[in-house]
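A short worksheet on the structure shown next.
Residues take their numbers from the sequence shown, with the count starting at 1. All heavy atoms count here, side chains included; hydrogens, waters and symmetry mates do not.
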Amino acid sequence: MSRFRVNANWMMRWKQWLRQFNGVGTDYLDNYIAWFSQMEQSQEGDSWVVLAL
């Protein structure tokens with residue numbers, strides 16, 4: 001798979017994940033990216049609340 005397709009796929013999943021928050025502050029985008037990356041790497045059984053804390 002090309003690097004472009006991998007990045008486009010990741011961006012699509014990230015945008016879909018961001019929709020649950022009714023807007024995000026640009027000052028905190030790096031935090032949202034880190035949180036999303038952690039969620040992607042975690043096991044499916046982990047709760048997002050547990051990961052947030």
Checklist entry - With sequence neighbours left out, which residue pairs that include part of residues 29-42 fulfil the salt bridge (charged side-chain N to carboxylate O under 4.0 Å, His left out) condition? => result R13-E40
Checklist entry - Going hydrophobic residue to hydrophobic residue with side-chain gaps under 4.5 angstrom, can you get from Y32 over to M12? => result no
Checklist outcome for this item: Across all chains, not counting sequence neighbours, the ring-ring contact (aromatic ring centres under 6.0 Å, His included) partners of Y28 are none
Item to check | Parallel, tilted or perpendicular: rings of W17 and F36 (30°, 60°) | outcome: tilted
Item to check | All side chain to side chain contact (heavy atoms under 4.5 Å, CB included) counterparts of M11, not counting sequence neighbours | outcome: W14, K15
Checklist entry - So do W10 and N7 actually touch side chain to side chain, heavy atoms under 4.5 Å? => result no
